[in-house]
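The chains referred to below are lettered A, B, ... by the order of the sequence lines, with proteins before strands, and numbering in each begins at 1. Everything numeric here is computed off the predicted structure, so don't read it as measured data.
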There are 2 protein chains.
Amino acid sequence: MTATPTPRVTIKDVAARAGVSKGAVSLAFNRKPGLSEATRERIFRAARELGWAPSPTARTLAGSRVDVVGLAVCRPARLLGLEPFYMEFVSGVESVLVERSCSLLLRLVRGQDEEAGLLESWWRGRQIGGSILVDFRADDPRPAVARRLGLPVVAVGHPSLTGGLTSVWTDDATAVTEAVRYLAALGHRRIARVGGAAALGHTAIRTAAFDGAVRALEPPARAWQVATDFSGDAGARATRSLLTAAPPERPTAIVYDNDIMAVAGLSVAAEMGLRVPDDVSLLAWDDSQLCRLTHPTLSAMSHDVHGFGADVARTLFEVITGEGPGSHPVPTPVLTPRGSTAPPKV
Amino acid sequence: MTATPTPRVTIKDVAARAGVSKGAVSLAFNRKPGLSEATRERIFRAARELGWAPSPTARTLAGSRVDVVGLAVCRPARLLGLEPFYMEFVSGVESVLVERSCSLLLRLVRGQDEEAGLLESWWRGRQIGGSILVDFRADDPRPAVARRLGLPVVAVGHPSLTGGLTSVWTDDATAVTEAVRYLAALGHRRIARVGGAAALGHTAIRTAAFDGAVRALEPPARAWQVATDFSGDAGARATRSLLTAAPPERPTAIVYDNDIMAVAGLSVAAEMGLRVPDDVSLLAWDDSQLCRLTHPTLSAMSHDVHGFGADVARTLFEVITGEGPGSHPVPTPVLTPRGSTAPPKV
DNA sequence: GCGCACTCCTTAACCGGTTCAGAAATCTCC
DNA sequence: GGAGATTTCTGAACCGGTTAAGGAGTGCGC
């Protein structure tokens with residue numbers, strides 16, 4: 001790989017060929033006033049002939065915007081690989097970035113403190129023009145950092161978690177409530193939930209909502225909740241422990257906080273000789289294609305993760321261009337019944 | 001989000017505080033000779049006190065290296081979300097990048113031509129210092145582009161596919177052969193393979209290897225091969241069509257090119273009332289956690305995707321620092337027998 | 001005492017753009 | 001036809017670093 005000395009073509013070459021100054025070329029390419037239509041056209045033609053495009057690096061240095069947005073994701077690598085959610089989310093974000101010829105700077109981190117430091121160095125080094133923040137926890141340091149730096153960000157999470165930052169969020173509480181009501185309507189009176197990481201803000205929201213929804217049922221129902229780390233293994237363990245009890249002490253329906261755990265739950269039921277949905281109903285969250293690949297297929301609270309990512313990216317651009325803080329709810333996940341839920345037969 | 005006018009601290013501030021010139025600071029931070037130990041120390045102290053770090057943008061513009069590597073991935077968004085492989089691969093790449101404070105620029109593209117254009121604009125715009133190339137096809141335009149540009153790249157794929165670029169690859173042919181021999185040793189004589197996208201180079205390699213391996217069996221065996229798009233749906237369709245034949249015309253073992261399709265195959269078998277592994281054995285590829293979550297658990301050709309990503313990243317750095325083309329095989333996937341494979345009982 | 005090599009540091013040009021003050025040319029209006 | 005306003009374009013400074021050339025000071029040999 002001998003580095004061919006690629007003859008870099010710069011703004012100067014374009015200017016020379018169009019017979020104007022560098023400044024004129026810059027004006028043309030930034031669609032700023034002060035150039036005749038003829039000159040503008042001549043400049044564009046020259047640029048086209050030379051195959052020139054302005055260097056983002058130089059642009060950034062010269063003080064204009066930065067065409068890169070950051071995303072730091074904080075989960076152990078093994079889990080990330082498994083969660084369909086993120087890749088789909090990223091692809092949604094990308095779809096919007098591409099339109100504005102922006103790029104995504106991705107980094108896996110091990111905690112919010114590391115992420116906070118990363119945001120600071122990204123921003124101070126002018127590496128990013130804004131950032132997407134996910135996975136909020138209690139006492140999250142990131143809102144304070146973003147505010148201190150003046151870094152444009154959009155937070156993915158309920159406004160109660162995101163410290164006043166512009167946020168985009170799904171109404172998890174309503175979705176959980178709907179799930180519980182649905183199961184109750186099927187006749188379930190012993191309902192469990194295998195939740196995500198307890199430290200995560202949205203897990204807390206779902207936990208509370210689940211609690212409230214079950215409490216509101218009439219006739220009253222019995223409820224269980226378990227926290228996990230979102231991994232399939234944890235989902236399997238939780239399911240196993242829930243289902244080992246004898247029937248009257250055993251849930252007849254289980255709600256999972258993601259689809260991986262639901263898949264794991266399904267296989268645990270099979271391994272224990274329980275029929276799904278006759279002996280136990282299973283309901284997943286984050287409906288990915290995975291839910292349609294199991295047998296029986298998994299009922300799920302589904303939402304458009306790709307579209308969600310796109311919304312987040314669009315909102316980030318609004319923030320970057322100076323819109324005030326806001327809260328953008330996206331459609332509540334809707335229940336998609338499939339083969340894993342039915343009235344209890346026991 | 002009123003952008004606080006963050007007072008940017010630059011190399012000039014550090015120089016002033018240390019009582020030296022900009023040049024000296026630069027020398028210190030690039031560990032170049034020509035500074036006394038005392039001065040060097042004084043400069044670092046000043047930088048530390050001011051919380052300064054050199055701006056990557058300015059560094060790039062000034063002609064030194066670029067601390068970003070590119071990765072363009074070309075699959076429909078829906079599939080990407082599902083394939084555990086990529087996220088895990090990315091996390092492996094990241095693990096190495098972080099050590100060298102590099103970042104990953106990620107982009108989803110729709111074809112190699114789009115990717116080739118992207119590489120060119122990334123490189124000419126000095127946005128990346130090198131790139132990782134995945135998913136090689138016949139007549140892939142990317143090697144030529146990389147060579148023409150002098151862009152340092154590392155190709156993920158067998159040397160026969162990557163047009164002389166430095167490549168990192170798993171020995172798929174051997175792995176496929178091993179899979180076939182294993183199934184044959186269990187007693188299978190009717191073996192099918194649900195392959196990936198036919199246009200992909202490594203799919204072709206596996207197809208040929210499968211063919212050869214089956215042909216070499218003694219006593220002779222019957223073989224089927226189907227191409228898919230890697231999606232679970234396609235895997236399900238392929239499985240369904242393979243298993244609808246009457247027993248003597250039906251494979252007793254199926255090998256899948258990724259784990260998603262194997263999961264889908266498992267559920268199709270269940271849906272058709274076939275027992276796994278008694279009626280049909282299933283063998284996955286790209287062993288992710290998913291394979292341990294099904295019931296029965298999926299036997300798989302497993303390899304360390306995270307480590308693979310790390311190897312690729314390390315190799316890219318070698319290329320960037322000027323090593324010649326090379327070929328770096330990584331360990332061949334090994335067979336991990338689990339519950340989905342057994343001697344045929346029919 | 002002088003030339004010479006060596007160490008340590010500074011100076012200034014440069015990377016490839018943006019931006020703004022102001023010059024040159026054209027238009028407007030009386 | 002000339003003052004003033006407007007349009008169009010240029011020149012130079014600047015962003016925050018890197019780097020090559022060069023200068024000041026020191027030590028050494030003879």
>> For the OG atom of S103(A) and the CH2 atom of W122(B), what is their distance to the nearest 0.5 Å?
In response: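 Interatomic distance, S103(A) OG to W122(B) CH2, rounded to 0.5 Å: 6.5 Å.
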> Once you round to the nearest 0.5 Å, how far does CG of L151(B) lie from CH2 of W123(B)?
Replying inline: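 The CG atom of L151(B) sits 5.5 Å away from the CH2 atom of W123(B).
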> Which of residues 50-60 of chain A sit near DNA chain D, with a heavy atom under 4.0 Å from it?
Replying inline: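 Of all residues in residues 50-60 of chain A, none places a heavy atom under 4.0 Å from DNA chain D.
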Regarding [X] and [Y], does a basic nitrogen lie under 4.0 Å from an acidic carboxylate oxygen?
{"X": "E99(B)", "Y": "R314(B)", "result": "no"}
{"X": "D140(A)", "Y": "R137(A)", "result": "no"}
{"X": "R107(B)", "Y": "E115(B)", "result": "no"}
{"X": "E41(A)", "Y": "R48(A)", "result": "yes"}

>> At a heavy-atom distance below 4.0 Å, which nucleotide of DNA chain D is the first touched by chain A, and which is the last?
In response: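 Answer, 5' to 3': dT8(D) to dG16(D).
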>> Could you tell me how far apart F29(A) (CZ) and dT19(C) (C1') are, to the nearest whole angstrom?
In response: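 The answer, rounded to whole Å, is 18 Å.
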>> Enumerate the ring pair (Phe, Tyr, Trp, His ring centres under 6.0 Å) contacts for residues 53-73 of chain B, please, sequence neighbours excluded, ordered by first and then second residue.
In response: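 Residue pairs with at least one partner in residues 53-73 of chain B: there are none.
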>> Classify S26(A) by what it touches in the nucleic acid, base, sugar-phosphate, or nothing, heavy-atom distance under 4.0 Å.
In response: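 Base, at least one base heavy atom under 4.0 Å.
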>> Check the orientation of F308(B) and F89(B). Use parallel for under 30°, tilted for 30 to 60°, and perpendicular for over 60°.
In response: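 It falls in the tilted class, 30° to 60°.
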> Using the C1' atoms of five pairs at each end, what's the angle between the two axes of the helix from dG1(C)-dC30(D) to dC30(C)-dG1(D), to 10 degrees?
Replying inline: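 The two end axes of the helix from dG1(C)-dC30(D) to dC30(C)-dG1(D) meet at 50°.
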>> Test of understanding: with salt bridge (charged side-chain N to carboxylate O under 4.0 Å, His left out), list the residues that count as partners of D135(B), not counting sequence neighbours.
In response: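 Here the qualifying residues are R75(B).
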>> Using ring-ring contact (aromatic ring centres under 6.0 Å, His included), reason through F44(B) and W52(B) one step at a time and then give a plain yes or no.
In response: CA-CA 9 Å; F44(B) 281 131; W52(B) 178 82; 9.6 Å; no
Using the 3.5 Å cut-off, write out each protein N or O paired with an N or O of nucleotides 9-12 of chain C and the distance between them.
from    : atom 1 : to     : atom 2 : distance (Å)
dC9(C)  : OP1    : S36(B) : OG     : 3.4
dC9(C)  : OP1    : T39(B) : OG1    : 2.2
dC9(C)  : OP2    : S36(B) : N      : 2.7
dC9(C)  : OP2    : S36(B) : OG     : 3.4
dC9(C)  : OP2    : T39(B) : OG1    : 3.1
dT10(C) : OP2    : S21(B) : N      : 2.9
dT10(C) : OP2    : S21(B) : OG     : 3.0

> Pick from L316(B), V153(B), V73(B), V90(B): which one makes a side-chain contact (heavy atoms from CB on, under 4.5 Å) with I132(B)?
Replying inline: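 In the set L316(B), V153(B), V73(B), V90(B), the residue that makes a side-chain contact (heavy atoms from CB on, under 4.5 Å) with I132(B) is L316(B).
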> Centroid-to-centroid, W169(B) to F136(B), below 6.0 Å?
Replying inline: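 No - the distance between ring centres of W169(B) and F136(B) does not fall below the 6.0 Å cut-off.
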> Should L105(B) and V69(B) be marked as a side chain to side chain contact (heavy atoms under 4.5 Å, CB included) after you check the CA-CA gap, both sets of side-chain angles, and the distance that decides it?
Replying inline: CA-CA 6 Å; L105(B) 205 52; V69(B) 317; over 6 Å; no
